[in-house]
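Below you'll find the structure, written out as structure tokens, and then a few comments.
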Amino acid sequence: TATRVSPTAASSLPSPIFSPFAAPNRALFTSFFTVREEPLSDSEWPVQAEYTLFAFPILFAAMAPSPAPWPIALARIEGALPFFDDDLTASLAFTSLRRLWRVHVRDFTFDNIGIDHDPGLEAAELMRSWYGEERRDLLSWIGRRGPPPLARAARIALKAKGVSESFTSIFDPADRALERLDALLPAAEPLAALAEWIRQLREDETPFLEGGSEFVEFEGHVFSRFAPRGAAWAASLAAALRPQLFGLGAAPLALAGLAPRSLFREVLESPLPSLLSTAISSAAAAVSSDLSAMRQALNRRDLELRGLYASSHAPHAWQLISALGPLTRAELARALDVTPRTASQAVVALGSANLVRLRPADKVILSACG
């Protein structure tokens with residue numbers, strides 16, 4: 001005996017056969033397949049094979065997979081952590097700093113903005129931004145408060161820019177947010193802990209609240225303008241530096257954007273758990289994207305530099321450029337703790353391997369991989 005597949009009316013199918021595929025939507029199907037066993041002659045085997053191979057792909061094509069929720073995305077990251085080598089750990093820490101800076105530029109209240117203080121097209125690029133003092137303050141704070149991999153990466157970034165650690169009261173809201181979050185750890189339910197933390201900041205820490213519009217009077221005229229931004233950027237930084245909230249320990253990553261400004265508005269657009277779930281999902285997707293990009297960058301480095309006579313510093317130089325961002329030769333030399341000539345030799349080797357390119361306008365070394 002063998003299996004014969006033939007079209008049959010959906011209403012005539014027995015439940016055990018139909019229910020595994022479309023029991024909830026039975027009314028939507030006008031025809032389906034039934035499976036029955038009966039003797040087949042030798043001449044029928046080719047027809048039998050044709051039916052068997054093409055029936056099931058047609059059925060499964062209509063079943064679109066649902067997106068993975070944030071617990072599954074974070075569980076995949078957690079499962080990959082034990083397999084990180086030193087290179088991948090360092091690369092992920094560097095690129096996490098870049099993403100933290102992008103979110104910081106989006107949410108922070110900068111003073112030097114406007115026509116007279118143009119931040120430039122690369123304001124959101126960590127190592128090229130004109131926000132020099134703000135970058136120094138951010139990296140200094142991460143170097144003091146972040147988990148060891150991120151703190152080490154922040155100190156290297158400061159060294160590359162040739163500046164020392166700074167201490168400023170601007171980050172006091174971030175310190176207070178971090179203290180409140182640490183008081184809730186360890187947490188069995190990350191979402192509930194985050195919701196309680198946000199509730200405390202909204203009710204007890206007024207600087208975090210986002211104001212609406214306000215009226216100002218100037219030369220006898222009344223104008224409406226947006227109120228100054230709150231300290232949501234501080235809450236976002238504090239949450240990003242505590243991956244142990246999700247059971248990730250002192251992982252070399254930062255879940256940037258966990259506390260967006262929408263969480264601190266007077267009237268929430270959606271329930272708080274829903275807003276937090278969206279923020280966590282976005283942060284987890286960003287980490288997964290960064291992890292994939294860094295793995296590809298390191299694999300390409302190993303492939304292109306294999307068998308090529310190059311500077312011994314070329315692999316580390318590529319790691320900095322691909323993860324930390326575009327750098328000048330002077331910045332690369334300071335980060336690697338080598339002479340400018342040695343850094344130039346590493347750049348030449350990377351250029352020979354088609355890994356980097358030079359931007360003529362400002363002599364910045366960019367990744368040639370996009």
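Hydrogens, waters and symmetry mates are skipped; everything else that's a heavy atom, side chains included, is used.
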Exercise. Inspect the surroundings of CD in E203 and state if more than 12 heavy atoms from other residues, nucleotides or ligands are less than 6.0 Å away.
Key: yes

Just wondering, do [Y] and [X] contact through their side chains at under 4.5 Å, heavy atoms?
| X | Y | answer |
| --- | --- | --- |
| K161 | E331 | yes |
| V287 | L74 | no |
| V163 | L158 | yes |
| M294 | Q319 | no |
| L194 | I280 | yes |
| L355 | R300 | yes |
| L291 | S288 | no |
| W70 | L191 | yes |

Quiz item: What side chain to side chain donor-acceptor pair (under 3.5 Å) pairs are there with at least one residue in residues 77-89, not counting sequence neighbours?
Solution: D87-R301

Looking at [X] and [Y], what are the two nearest heavy atoms and their distance?
| X | Y | answer |
| --- | --- | --- |
| L201 | A235 | CD1-CB, 3.9 Å |
| I321 | S367 | CG2-N, 3.8 Å |
| I142 | A154 | CG2-CB, 4.0 Å |
| A254 | S96 | N-OG, 3.5 Å |
| A153 | A93 | CB-CB, 3.9 Å |
| S164 | S140 | O-OG, 4.3 Å |

Side chain to side chain contact (heavy atoms under 4.5 Å, CB included) against [X], all qualifying residues, sequence neighbours excluded:
| X | value |
| --- | --- |
| L366 | P326, R357, R359, V364 |
| S322 | A297, W318 |
| R202 | I198, L209, F264, L268 |

Which distance, rounded to the nearest 0.5 Å, do you find between the [atom1] of [X] and the [atom2] of [Y]?
| X | Y | atom1 | atom2 | result |
| --- | --- | --- | --- | --- |
| S166 | L138 | OG | CG | 9.5 Å |
| L81 | R76 | CG | CZ | 14.5 Å |
| E122 | M127 | CD | CE | 12.0 Å |
| L358 | L350 | CG | CG | 12.5 Å |
| L100 | T95 | CG | OG1 | 10.0 Å |
| T168 | E134 | OG1 | CD | 10.0 Å |

Any donor-acceptor pair under 3.5 Å from [X] side chain to [Y] backbone:
| X | Y | result |
| --- | --- | --- |
| S352 | V348 | yes |
| W197 | A177 | yes |
| W101 | A123 | yes |
| K363 | T328 | no |

Exercise. Check the pair F108 / D137 against side-chain contact (heavy atoms from CB on, under 4.5 Å), numbers first and verdict last.
Key: CA-CA 12 Å; F108 187 72; D137 294 339; over 6 Å; no

Identify each donor-acceptor pair in which a side-chain atom of residues 335-343 lies under 3.5 Å from a protein atom, sequence neighbours left out, and give them as a table.
residue, atom, partner, partner atom, Å
T339, OG1, T342, N, 3.2
T339, OG1, T342, OG1, 2.9

Quiz item: Linking Ile, Leu, Val, Met, Phe, Trp and Tyr by side-chain heavy atoms under 4.5 Å, what else ends up with V267?
Solution: none

Quiz item: For W141, which residues count as a ring pair (Phe, Tyr, Trp, His ring centres under 6.0 Å) partner, sequence neighbours excluded?
Solution: F171

Report the residues that fulfil salt bridge (charged side-chain N to carboxylate O under 4.0 Å, His left out) with [X], sequence neighbours left out, ordered by chain and then residue number.
| X | value |
| --- | --- |
| E179 | none |
| R136 | E133 |
| R295 | none |

Exercise. Name all pairs fulfilling the ring-ring contact (aromatic ring centres under 6.0 Å, His included) condition that reach into residues 71-97, sequence neighbours left out, sorted by first residue then second.
Key: none

Quiz item: Is L276 reachable from V103 through a run of hydrophobic residues whose side-chain heavy atoms are each under 4.5 Å from the next?
Solution: no

Quiz item: So, are R128 and D362 salt-bridged, with charged N and O less than 4.0 Å apart?
Solution: no

Less than 3.5 Å apart, which donor and acceptor atoms pair up between the side chains of residues 240-253 and the rest of the protein, not counting sequence neighbours?
residue, atom, partner, partner atom, Å
R242, NE, D182, OD1, 2.7
R242, NH1, R145, O, 3.4
R242, NH2, D182, OD2, 3.3

